[in-house]
Participant: 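Okay, here's the structure, questions in a sec.
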Amino acid sequence: MHAMQYAMTLPADYDMGVIRSRVSRLGHKLDDWEGLGLKAYLIRERGVHGSPVNQYAPFYLWHSTQGMNRFLWGGPFQGPVDDFGRPAVQQWTGLAYEEGAAAGSPAAVAAVRRRSVPDGVVIAEFMDEAAAEAQRLAGEDGAVLAAAVVDSRHWEVVHFSLWEQQEPKAEGDVFQVLHLSAPGLHRLPRGRQW
């Protein structure tokens, strides 16, 4: 499993209705994208759930790097690039993926928590703890799914979870889910991934 996210931070007075309309019109285009496990069309609005910014920041879980590359190099990614400029695309390797207690329910919000891997820790133990945290989050009431991923260049672990209720039972930045494309969710490997 591979994860990916890019964020477009927008002006404080930006009409987020423009993003909502865009996702409503175009979000379905990835509903059957080969290689995609899940794309969560995420926004944060300034002042909502404590967000300091307006932001469009979709989060992806891929079961195929070919599908991811086809999206980035020859697919729909060019649309946002043309309209908003080319964002940095963060990528992570999968540590763990778990279906939640509310799997199959519509997701209302996502929580994204970033943690640096501290110097001096035993890396294997830290990654075991990250995988266990994904499993714990998935077991919470209202959890649709939970994943843990790592960027070993910057030594950052990210916990990503989807929730059916407006208040997630997870720490981190809270995003509204506008649409979910999940053509290959069933193909994402479950559990710890090493």
Participant: Could you walk me through whether Gln135 and Tyr97 pass the side-chain contact (heavy atoms from CB on, under 4.5 Å) check?
Facilitator: CA-CA 8 Å; Gln135 185 174 31; Tyr97 170 76; over 6 Å; no

Participant: Where do Glu167 and His49 come nearest, in terms of heavy atoms and distance?
Facilitator: OE2-CE1, 3.7 Å

Participant: To the nearest 0.5 angstrom, please state how far the CG atom of Leu36 sits from the CZ atom of Arg187.
Facilitator: 11.0 Å

Participant: How many angstroms lie between atom CG of Leu137 and atom CD of Glu98, to the nearest 0.5 angstrom?
Facilitator: 10.0 Å

Participant: Roughly how far apart are Ser161 OG and Leu145 CG, rounded to 0.5 Å?
Facilitator: 8.0 Å

Participant: Any idea how Tyr60 and Phe71 line up, ring-wise: parallel (<30°), tilted (30 to 60°), or perpendicular (>60°)?
Facilitator: tilted

Participant: Which pairs with one or both residues in residues 61-79 pass side-chain hydrogen bond (donor to acceptor under 3.5 Å, both in side chains), sequence neighbours excluded?
Facilitator: Gln78-Asp82

Participant: Is it the case that over 12 heavy atoms from other parts of the model lie below 6.0 angstrom from the CZ atom of Arg86?
Facilitator: no

Participant: Tell me the closest heavy-atom pair linking Val109 and Gln165, and the distance in Å.
Facilitator: CG2-O, 3.2 Å

Participant: Can Glu140 and Trp163 be counted as having a side-chain donor-acceptor contact under 3.5 angstrom?
Facilitator: no

Participant: So if you build clusters from Ile, Leu, Val, Met, Phe, Trp, Tyr with side-chain heavy-atom gaps below 4.5 Å, do Leu42 and Trp33 land together?
Facilitator: no

Participant: Using side-chain heavy atoms (C-beta onward) and a distance below 4.5 Å, is Leu30 in contact with Pro76?
Facilitator: yes

Participant: Taking atom types as modelled, find out whether Tyr14 and Tyr56 have a side-chain donor-acceptor pair closer than 3.5 angstrom.
Facilitator: no

Participant: Working to the nearest 0.5 Å, report the span between CE of Met16 and OG of Ser21.
Facilitator: 12.5 Å

Participant: Can you measure from CZ (Arg44) to CD1 (Ile19) and round to the nearest 0.5 angstrom?
Facilitator: 14.0 Å

Participant: Walk me through it: do Ile43 and Gln55 pass the test side-chain contact (heavy atoms from CB on, under 4.5 Å)?
Facilitator: CA-CA 5 Å; Ile43 64 168; Gln55 194 173 60; over 6 Å; no

Participant: Answer with yes or no whether the hydrophobic clustering places Leu180 together with Met1; edges join I, L, V, M, F, W, Y residues whose side-chain heavy atoms lie under 4.5 Å apart.
Facilitator: yes

Participant: The test is salt bridge (charged side-chain N to carboxylate O under 4.0 Å, His left out); show your working for Asp128 and Arg192 and say whether it passes.
Facilitator: CA-CA 8 Å; Asp128 276 338; Arg192 187 179 125 160; 2.6 Å; yes

Participant: Does the ring center of Phe59 lie less than 6.0 Å from the ring center of Tyr41?
Facilitator: no

Participant: Would you call Ser51 and Val48 a side-chain contact if the rule is heavy atoms closer than 4.5 Å?
Facilitator: no

Participant: Do His179 and Asp31 touch side chain to side chain, with heavy atoms closer than 4.5 Å?
Facilitator: yes

Participant: Taking atom types as modelled and ignoring hydrogens, do the side chains of Glu156 and Ser116 form a donor-acceptor contact shorter than 3.5 angstrom?
Facilitator: no

Participant: Less than 4.0 angstrom from a charged side-chain N to a carboxylate O is my criterion; do Arg115 and Glu171 meet it?
Facilitator: no

Participant: NE2 of His186 to CG of Leu188: how many Å apart, nearest 0.5 Å?
Facilitator: 9.0 Å

Participant: Using the rule that two of Ile, Leu, Val, Met, Phe, Trp, Tyr join whenever any of their side-chain heavy atoms come within less than 4.5 Å, decide whether Val53 and Phe175 are in one cluster.
Facilitator: no

Participant: Shortest non-hydrogen contact from Ala96 to Ala134?
Facilitator: CB-CB, 4.2 Å

Participant: In terms of hydrophobic clustering (I, L, V, M, F, W, Y; side-chain heavy atoms under 4.5 Å; direct or indirect links), are Val157 and Trp155 co-clustered?
Facilitator: yes

Participant: For the residue pair His154 and Asp151, confirm or rule out a side-chain donor-acceptor distance under 3.5 Å.
Facilitator: yes

Participant: Would you name the heavy atoms of Ala102 and Gly142 that are closest together and state the gap between them?
Facilitator: CB-C, 3.9 Å

Participant: Starting from Val174, can I reach Leu178 by hopping between I/L/V/M/F/W/Y residues whose side chains sit under 4.5 Å apart?
Facilitator: no

Participant: Nearest heavy-atom pair of Gly85 and Met8: which atoms, and what distance?
Facilitator: O-CE, 4.4 Å

Participant: Report the C-alpha distance between Val81 and Tyr6 in whole Å, list the side-chain angles of each, state the deciding distance to 0.1 Å, and finish with yes or no for side-chain contact (heavy atoms from CB on, under 4.5 Å).
Facilitator: CA-CA 11 Å; Val81 169; Tyr6 50 89; over 6 Å; no

Participant: Any sub-3.5 Å donor-acceptor pair from Asn54's side-chain atoms to Leu10's backbone N or O?
Facilitator: no

Participant: If you compare all heavy atoms of Trp92 against all heavy atoms of Met4, which two are closest, and at what distance to 0.1 Å?
Facilitator: CZ3-C, 3.8 Å

Participant: Side chains of Val149 and Thr93: does their closest heavy-atom pair fall under 4.5 Å?
Facilitator: no

Participant: side-chain contact (heavy atoms from CB on, under 4.5 Å), that's the test. Do Asp83 and Arg22 meet it? Break it down for me.
Facilitator: CA-CA 11 Å; Asp83 293 345; Arg22 180 186 184 94; 2.5 Å; yes

Participant: When you check the gap from the basic side-chain N to the acidic O, do Asp173 and Arg113 get nearer than 4.0 Å?
Facilitator: no

